[in-house]
Amino acid sequence: MQDLYKFENYVHPEFYKKLLDLKELGENPYDIKSFEKTDIIQIRQEAEVELGKSYKTAGRVKAIRRHGKAMFFDIEDSTGKIQIYLKADVVGKDKYKFIADHMKVGDIVGVEGETFITRTGELSIQTKYIMFLSKVLRPLPEKWHGLKDAEIRYRQRYLDLLVNKEVFNNFKKRFEMQWETRSFMAEWGFIEVETPILQPIAGGAAAKPFVTYHNFLELELFLRIAPELYLKRLLVGGFEKVFEMGRVFRNENISNRHNPEFTMLEAYAAYKDYTYMMQLTETLIATLAEKIRGSFKIPFVKEENGKRIEYEVDLTPPFQVKTYLEVASEAAGEEITEETPNDKLIDIAKQMEIELTGNESWGELVELIYSEGEKGITQPTFIIDYPIDISPLAKRKTEKLTERFELIINGWELANAFSELNDPEDQFNRFMQQLERAGVDKDRDFHRFDADYVLALCYAMPPAAGLGIGIDRLAALINGLSSIKEVILFPTIKPQINLKLEEDKEVDAGA
RNA sequence: GGGCCGUUAGCUCAGUCGGUAGAGCACCGGACUUUUAAUCCGGGUGUCACAGGUUCGAAUCCUGUACGGCUCACCA
């Protein structure tokens with residue numbers, strides 16, 4: 001048998017001693033089941049009007065200042081922080097000494113007492129009664145510099161949340177933003193639905209899926225890379241405005257704007273086209289900026305050649321609109337139109353030192369050139385009318401272009417939307433083209449053929465518009481952060497602490 | 001996957017030319033009844049990420065590995 005006290009230095013001996021003392025006196029903090037508490041924010045608000053009122057409150061001890069026979073300490077709950085004053089005169093000599101000897105920064109305590117203002121003007125609680133509600137057995141990260149090590153911040157996010165207040169607030173805002181998004185969508189007449197995460201065909205995007213297996217069906221399944229094709233089946237089924245906000249999974253690399261699992265908002269509206277979705281997107285983002293951040297202007301800092309550059313992203317609507325070919329033309333330095341032949345595009349790409357496989361289609365060539373231009377877009381810009389061969393689910397606009405837009409902000413793709421292709425024959429052919437392309441270019445991902453989806457279209461899907469928004473990216477943007485890791489509570493990270501109990505190790509060795 | 005950078009006490013960091021590791025906070029002992037990064041006195045608690053190599057001697061130089069960050073590629 002192992003015990004926690006000896007397990008991997010999990011427990012600090014001095015801290016553990018305090019807990020043992022408590023238990024010996026019959027005051028095991030872990031026996032406490034509940035505690036009637038007033039939120040600190042409420043105490044603060046009421047103290048503006050009336051002092052001397054008695055409260056019970058609780059929170060985590062964040063700082064202790066001992067002064068012999070009296071002590072100050074700060075406790076914090078999810079609503080705020082307040083100073084607690086504890087005097088031997090008031091609580092009794094023995095009780096005071098016991099608390100003073102056993103309280104550590106990080107403990108969770110419950111107190112009862114009256115509000116008053118100290119000589120230095122700090123609102124405090126004159127404690128009459130105090131108890132430990134939980135004991136900390138390891139020291140918290142440093143109070144002044146906080147926790148900076150990115151690895152520990154992600155692996156032990158609870159510590160990050162605990163000691164870095166702005167991190168805590170960023171997450172609070174992220175989830176407020178999601179709530180506001182749901183309420184916005186409801187106001188626009190959309191209802192929230194849920195569609196499969198386990199899918200037999202990972203459709204709706206071109207990305208590598210995670211693979212899993214259902215034992216009883218003896219079936220290989222994929223974690224969804226997008227909910228798109230299921231949501232559009234609902235349009236066939238008679239739903240007119242639906243949205244889903246949920247996790248999607250892509251088996252790809254991790255970066256400041258990519259996580260293997262991320263949150264996507266997808267919305268579909270029957271009888272609308274992509275201009276409607278542009279309007280919705282713009283209004284949604286402006287609404288969120290106003291409600292969550294209270295401003296359209298978001299300051300950012302970046303480094304270029306070792307220089308710190310401060311700049312501002314302005315979310316004030318209306319957003320700029322540019323065509324895909326305009327951006328490609330700007331990047332190329334000469335005009336690219338639908339008539340520009342492949343040979344010419346190859347020349348341009350080579351001049352721009354873009355690597356080619358030689359297998360690219362017209363749209364893929366334009367895409368490579370366009371990508372160079374996209375990076376420089378900082379202010380919100382709708383890029384419209386994408387090449388058809390890279391948009392196999394979008395409705396045709398011209399021979400080579402589709403009614404599709406993406407919203408680029410701060411160099412990031414925030415949203416992707418189109419007038420949905422509802423012609424089953426065209427859809428069938430587009431899927432076939434994707435299959436062909438996949439046969440030629442083995443390195444890229446293409447949309448997978450989904451015959452069942454084509455079958456659904458054969459029952460008539462109304463004309464419709466669809467939208468996808470990267471919620472993590474949006475949350476990072478609105479909070480002025482340059483990595484989605486700052487708004488994903490537990491970003492995907494390789495496990496490092498892989499501890500097993502000795503018994504398990506032996507079992508493993510034997511197996 | 002490529003390139004660059006990082007990993008030193010619980011946390012934040014310093015560590016000279018290669019000479020057996022140091023500060024602040026935290027922690028331990030003591031003083032202190034209105035402090036708030038409390039203060040004052042005393043105490044260093046370490047697998048210098050890991051494994052090799054060079055060297056009389058390595059936190060420091062070299063190689064490899066692990067993990068992380070940035071970036072490019074990939075990818076919405």
Side-chain angles (χ1 to χ4, degrees), chain A residues 9-15 17-18 62-74 81-91 93 96 100-101 104-106 116-124 126 136-156 159-160 162-164 204-208 225-226 228 248 250-260 262 264 302-304 354-355 367 371 374-375 383 386 390-391 404 406-408 412-417 443-445 468-470 472-473 482-485 491 493-498:
Chain A
N9 296 323
Y10 268 24
V11 171
H12 189 292
E14 295 290 345
F15 285 52
K17 228 160 67 187
K18 313 279 182 196
K62 296 304 286 281
I64 302 174
R65 296 175 289 279
R66 290 187 177 85
H67 291 265
K69 307 261 178 325
M71 65 192 280
F72 292 95
F73 57 96
D74 301 328
K81 201 190 258 188
I82 196 163
Q83 176 169 273
I84 310 296
Y85 187 45
L86 189 67
K87 257 201 306 194
D89 291 356
V90 177
V91 294
K93 220 167 64 187
Y96 176 83
D101 284 351
K104 309 300 299 178
V105 169
F116 75 106
I117 305 279
T118 63
R119 196 155 71 187
T120 50
E122 176 88 19
L123 175 66
S124 308
Q126 174 71 264
V136 68
L137 296 181
R138 291 171 65 82
L140 257 41
E142 206 233 1
K143 61 184 170 189
W144 191 241
H145 297 94
L147 178 65
K148 288 185 179 170
D149 188 307
E151 198 174 335
I152 303 176
R153 288 187 52 224
Y154 302 149
R155 288 191 198 286
Q156 295 177 273
L159 292 178
D160 192 26
L162 216 49
V163 300
N164 297 327
K208 283 183 190 64
I225 56 174
E228 171 147 0
V248 297
R250 298 188 182 180
N251 205 338
E252 287 155 1
N253 242 327
I254 297 170
S255 80
N256 63 339
R257 49 186 173 272
H258 300 90
N259 196 61
F262 62 101
M264 179 130 95
K302 66 175 171 185
E303 279 204 16
E304 231 166 63
I354 294 168
E355 265 184 56
E367 185 186 20
S371 301
E374 188 193 88
K375 291 171 191 162
I383 310 295
Y386 279 59
I390 58 169
S391 315
R404 172 183 175 189
E406 280 193 2
L407 174 63
I408 312 295
W412 289 9
E413 292 160 10
L414 258 288
N416 180 21
D443 294 332
R444 283 175 56 131
D445 293 302
I469 294 181
D472 313 270
R473 290 181 180 182
S482 50
S483 172
I484 60 170
K485 286 197 178 81
I493 191 165
K494 279 196 190 182
Q496 186 191 39
I497 299 170
N498 205 358

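Per chain, numbering begins at 1; letters A, B, ... match sequence-line order.
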State whether the side chain of [X] and the backbone N or O of [Y] hold a donor-acceptor pair below 3.5 Å, judged by distance alone.
X: A:N416; Y: A:I469; result: no
X: A:R250; Y: A:I225; result: yes
X: A:N259; Y: A:F262; result: no
X: A:R473; Y: A:R257; result: yes

I'd like the [atom1] distance from [M] over to [N], given in whole Å.
N: B:A59; M: B:U36; atom1: P; value: 42 Å
N: B:A58; M: B:G10; atom1: C1'; value: 26 Å
N: B:U63; M: B:U54; atom1: P; value: 15 Å
N: B:C40; M: B:U47; atom1: C1'; value: 36 Å
N: B:C13; M: B:G52; atom1: P; value: 30 Å
N: B:G3; M: B:C74; atom1: C1'; value: 15 Å
N: B:G42; M: B:G69; atom1: P; value: 43 Å
N: B:U39; M: B:U33; atom1: C1'; value: 14 Å

The test is side-chain contact (heavy atoms from CB on, under 4.5 Å); show your working for A:F116 and A:Y85 and say whether it passes. CA-CA 10 Å; A:F116 75 106; A:Y85 187 45; 3.7 Å; yes
Taking pairing as Watson-Crick or G-U wobble with both contacts under 3.5 Å, can you name the mate of [N], or confirm there isn't one?
N: B:C70; answer: B:G3
N: B:G22; answer: B:C13
N: B:U63; answer: B:A51
N: B:A58; answer: none
N: B:G42; answer: B:C28

Rounded off to whole Å, could you give me the [atom1]-to-[atom2] distance for the [X] and [N] pair?
X: A:I390; N: B:C74; atom1: CD1; atom2: P; value: 14 Å
X: A:N253; N: B:A73; atom1: CG; atom2: P; value: 12 Å
X: A:W144; N: B:U36; atom1: CH2; atom2: C1'; value: 11 Å
X: A:I408; N: B:C75; atom1: CD1; atom2: C1'; value: 14 Å
X: A:I152; N: B:G6; atom1: CD1; atom2: P; value: 18 Å
X: A:I484; N: B:G69; atom1: CD1; atom2: P; value: 12 Å
X: A:K143; N: B:G10; atom1: NZ; atom2: C1'; value: 15 Å
X: A:R153; N: B:U12; atom1: CZ; atom2: P; value: 11 Å

One character per nucleotide, please: for nucleotides 27-35 of chain B, 5' to 3', B when the base has a protein heavy atom closer than 4.0 Å, S when only the sugar-phosphate does, - otherwise. SS---BBBB
Considering every strand and a 4.0 Å limit on heavy-atom distances, what is the contact class for [X]: base, sugar-phosphate, or nothing?
X: A:L159; value: nothing
X: A:K375; value: sugar-phosphate
X: A:G470; value: nothing
X: A:I493; value: sugar-phosphate
X: A:D149; value: sugar-phosphate

Donor-acceptor pair (no angle test) under 3.5 Å: A:H145 side chain, B:C11 base: no
Just to confirm, is there a sub-4.0 Å distance from OP1 or OP2 of B:G69 to any side-chain nitrogen or oxygen of A:K485? yes
Single hit among A:K81, A:R65, A:K143 for side chain to side chain donor-acceptor pair (under 3.5 Å) with A:D74: A:R65
Looking only at heavy atoms, the pair that brings A:E252 and A:A207 closest together is OE2-CB, 3.1 Å
Nearest-nucleotide 5' precedence on RNA chain B, A:H258 against A:K148: A:K148
Does A:E151 come within less than 4.0 Å of A:R155, counting only side-chain N to carboxylate O? yes
With rounding to the nearest 0.5 Å, note down the distance linking CZ in A:F72 to CD in A:E122. 9.5 Å
